[in-house]
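Everything below concerns the one structure shown next.
Remember, it's a predicted structure, so these values are computed and weren't measured experimentally. What's counted below: heavy atoms across the whole structure, side chains too, no hydrogens, waters or symmetry copies. By convention here, the first residue in the shown sequence is residue 1.
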Amino acid sequence: MPTNLQLNDVEVWTLPDCSACDSAKQLLDQHSISYLTKSLDDPQTKELFFMRFPNIRSVPQITVAGTRIGGLKELKKYIDDNTKTTEVV
């Protein structure tokens with residue numbers, strides 16, 4: 001994961017009482033990645049979510065620098081892909 005990300009670069013679109021959402025936030029915390037939580041229990045945020053992601057009906061949804069990564073599974077893959085170190089043989 002790029003280390004130069006700013007707070008607004010990572011967004012977690014979530015709902016209250018969503019265990020997958022909590023897991024996504026915990027994963028980001030474990031990797032010391034700052035994020036902004038966007039809760040769909042706020043009507044304006046919910047409207048914005050459906051404008052930005054008209055075909056998506058599940059949370060969490062994670063964006064990085066404005067690009068949708070996907071849900072928890074995709075976030076795990078994104079972090080794995082971006083934190084691998086190259087072994088020198």
Is the shortest distance from a Lys or Arg side-chain nitrogen in Arg68 or Glu11 to a carboxylate oxygen in the other one below 4.0 Å?
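Between Glu11 and Arg68 there is no salt bridge, as every charged N stays at least 4.0 Å from the carboxylate O atoms.
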Considering only NZ, NE, NH1 and NH2 on the basic side and carboxylate oxygens on the acidic side, decide whether Asp81 and Lys77 come within less than 4.0 Å.
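Salt bridge: yes.
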For the [atom1] atom of [X] and the [atom2] atom of [Y], what is their distance to the nearest 0.5 Å?
X     : Y     : atom1 : atom2 : value
Leu72 : Gln26 : CG    : CD    : 10.0 Å
Ile79 : His31 : CD1   : NE2   : 5.0 Å
Thr63 : Arg52 : OG1   : CZ    : 5.0 Å
Leu75 : Ile69 : CG    : CD1   : 8.0 Å

Is Leu15 isolated, or which residues cluster with it under the ILVMFWY side-chain rule of less than 4.5 Å, directly or via members?
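Via sub-4.5 Å side-chain contacts, Leu15 links to Trp13, Leu40, Leu48, Phe49, Phe50, Phe53, Ile56, Val59.
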Using side-chain hydrogen bond (donor to acceptor under 3.5 Å, both in side chains) as the criterion, list what pairs up with Thr37, not counting sequence neighbours.
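Testing Thr37 for side-chain hydrogen bond (donor to acceptor under 3.5 Å, both in side chains), a comparison that skips the adjacent residues, returns none.
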Dump the intermediate steps for side-chain contact (heavy atoms from CB on, under 4.5 Å) on Lys76 and Leu27, then the final yes or no.
CA-CA 8 Å; Lys76 287 178 182 178; Leu27 182 62; 3.5 Å; yes
Is it the case that more than 12 heavy atoms not belonging to Asp17 sit under 6.0 Å from its CG atom?
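For Asp17, atom CG is not crowded (no more than 12 foreign heavy atoms under 6.0 Å).
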Heavy-atom side-chain contact between Lys38 and Leu36 under 4.5 Å:
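When only atoms from C-beta onward are counted, Leu36 and Lys38 do touch, with a gap below 4.5 Å.
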Could you go step by step and tell me if Ile62 and Tyr35 meet the side-chain contact (heavy atoms from CB on, under 4.5 Å) rule?
CA-CA 9 Å; Ile62 293 89; Tyr35 57 90; over 6 Å; no
For Met51 versus Pro54, what's the shortest heavy-atom pair and its separation?
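Shortest heavy-atom contact: O-CD, 3.8 Å.
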Disulfide (SG to SG under 2.5 Å) pairs, two or more places apart, involving residues 20-75:
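The answer is Cys18-Cys21.
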